[in-house]
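A short write-up of the structure that comes next.
Worth saying up front: this structure is predicted, and the values here are computed from it rather than measured. Sequential numbering from 1 along the given sequence is applied to the chain's residues. Note: hydrogens, waters and symmetry copies are ignored here, and every other heavy atom, side chains too, is used. For ligands, and for the atoms within them, numbers begin at 1 and follow the listed sequence.
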Amino acid sequence: MTFAIRQERAADAAAVADVHRAAFAGDAEALLVDRIRADRDAVLSLVAVDGGAVVGHVLFSGMIAPMRALALGPLGILPGRQRGGIGSALVREGVARAEAAGWQAIFVLGDPAYYRRFGFSVDAARGFDSPHAGDHFMVRIAGQGGVATTGPVRHAPAFACL
Ligand SMILES: CC(C)(COP(=O)(O)OP(=O)(O)OC[C@H]1O[C@@H](n2cnc3c(N)ncnc32)[C@H](O)[C@@H]1OP(=O)(O)O)[C@@H](O)C(=O)NCCC(=O)NCCS
């Protein structure tokens, strides 16, 4: 299975929504993406494409935090293309781009069994105060050191609808 990763373009929006509706079997994540975009909180949006068709998408949005922090999510892959490495490639590419651009921390809400392979840690997130804190709340701190390990962190307002 081949695919390429590139930055999302305006013309991809409908296909991105379709991917999330199919991946999550509902509207919530597609609406979340739309709200984050409408609020201008989207910082990095990557799509996986195969033959011109969007088969996966990941969004990174700005947070209020004691460091330069992004939230990863939603991440969705078309059901017929799951478990083919596309989600991993989107996460790894997004993390690399974000850290190269100076973002110091990336938070995610999800399954630790999936995200720990990318360096996300539930334990590292326990020091942060968030309405989403708990066993599915993780952070990956960029490697340069000197980054806060405690304090209040807040997702973009659109996440309140989750
Ligand atoms: C979860 C999801 C993003 C993973 O993307 P993907 O392209 O299917 O996954 P990859 O091929 O990169 O990775 C496959 C690996 O992840 C594991 N995996 C897939 N989904 C998983 C899940 N929900 N929990 C734990 N592990 C998972 C697979 O077992 C596989 O592990 P292995 O390499 O050790 O065999 C994708 O399956 C998806 O869109 N699911 C529905 C929506 C969703 O749950 N999104 C995540 C929101 S936090």
Side-chain angles (χ1 to χ4, degrees), residues 1-9 12-39 41-63 65 69-100 103 105-126 128 130-142 153-162:
M1 294 203 287
T2 59
F3 60 91
I5 292 177
R6 62 161 170 77
Q7 209 150 329
E8 187 196 355
R9 301 171 188 148
D12 297 322
V16 164
D18 287 345
V19 165
H20 287 298
R21 276 192 287 267
F24 291 96
D27 283 338
E29 286 74 14
L31 289 171
L32 175 60
V33 171
D34 286 345
R35 286 187 187 143
I36 293 170
R37 279 205 207 96
D39 291 346
D41 285 324
V43 171
L44 176 61
S45 185
L46 298 176
V47 289
V49 292
D50 185 355
V54 176
V55 295
H57 174 250
V58 65
L59 189 67
F60 294 80
S61 54
M63 295 179 69
L70 293 178
L72 185 169
L75 166 69
I77 312 302
L78 270 190
R81 299 299 302 268
Q82 292 176 5
R83 308 213 161 196
I86 297 173
S88 298
L90 282 168
V91 172
R92 292 205 166 98
E93 179 72 18
V95 166
R97 289 189 190 207
E99 292 184 358
W103 294 96
I106 301 174
F107 289 84
V108 67
L109 283 164
D111 186 343
Y114 185 66
Y115 285 103
R116 77 165 56 96
R117 72 193 69 193
F118 310 114
F120 290 91
S121 163
V122 173
D123 285 342
R126 293 208 193 277
F128 295 101
S130 162
H132 302 290
D135 291 341
H136 291 89
F137 185 58
M138 291 162 268
V139 68
R140 178 192 152 101
I141 303 287
V153 296
R154 294 292 178 268
H155 279 69
F159 282 88
C161 69
L162 276 188

Contact check: [X] vs ligand 1, nitrogen or oxygen atoms, below 3.5 angstrom:
{"X": "F24", "value": "no"}
{"X": "S88", "value": "yes"}
{"X": "A23", "value": "no"}
{"X": "Y115", "value": "no"}

4.5 Å side-chain heavy-atom contact, [X] and [Y]:
{"X": "V108", "Y": "F118", "result": "no"}
{"X": "F120", "Y": "V95", "result": "yes"}
{"X": "R97", "Y": "Q7", "result": "yes"}
{"X": "P74", "Y": "V33", "result": "yes"}

Identify the protein heavy atom lying closest to [atom], giving its residue, its atom name and the separation to 0.1 Å.
{"atom": "atom 11 (O) of ligand 1", "result": "G85 N, 2.6 Å"}
{"atom": "atom 5 (O) of ligand 1", "result": "Y114 OH, 3.4 Å"}
{"atom": "atom 39 (O) of ligand 1", "result": "I77 N, 2.8 Å"}
{"atom": "atom 30 (C) of ligand 1", "result": "R117 NH1, 3.8 Å"}

Taking [atom] as the point of reference, which of [options] owns the nearest heavy atom?
{"atom": "atom 21 (C) of ligand 1", "options": "R83, Q82, M138, R116", "answer": "R83"}
{"atom": "atom 25 (C) of ligand 1", "options": "I86, D111, L109", "answer": "D111"}
{"atom": "atom 3 (C) of ligand 1", "options": "L75, V19, V58, V55", "answer": "L75"}

(Q) Tell me whether atom 48 (S) of ligand 1 lies less than 4.0 Å from at least one protein heavy-atom position. (A) yes
Q) Less than 4.0 Å between atom 1 (C) of ligand 1 and some protein heavy atom, yes or no? A) no
Q) Roughly how far apart are L70 CG and D41 CG, rounded to 0.5 Å? A) 11.0 Å
Q.
How long is the straight-line distance from OG of S61 back to CG of L32, given to the nearest 0.5 Å?
A. 7.5 Å
[X] with [Y]: basic N within carboxylate O range, under 4.0 Å:
{"X": "R81", "Y": "D50", "result": "yes"}
{"X": "E93", "Y": "R6", "result": "no"}
{"X": "R140", "Y": "E99", "result": "yes"}

Q) Is the F137 ring parallel, tilted or perpendicular to the H155 ring (thresholds 30°, 60°)? A) tilted
Q) Does ligand 1 have any atom that is closer than 4.0 Å to a heavy atom of E29? A) no
Q. Does L78 have a heavy atom less than 4.0 Å from any atom of ligand 1?
A. no
Q) Counting each atom of ligand 1 from 1 as listed, which ones have a heavy atom of G87 under 4.0 Å away? A) 5 (O), 6 (P), 7 (O), 12 (O)
Q: Using a strict 4.0 Å cut-off to heavy atoms of G76, name the atoms of ligand 1 that fall inside it.
A: 39 (O)
Q: Check step by step if side-chain contact (heavy atoms from CB on, under 4.5 Å) holds for S121 and Y115.
A: CA-CA 8 Å; S121 163; Y115 285 103; over 6 Å; no
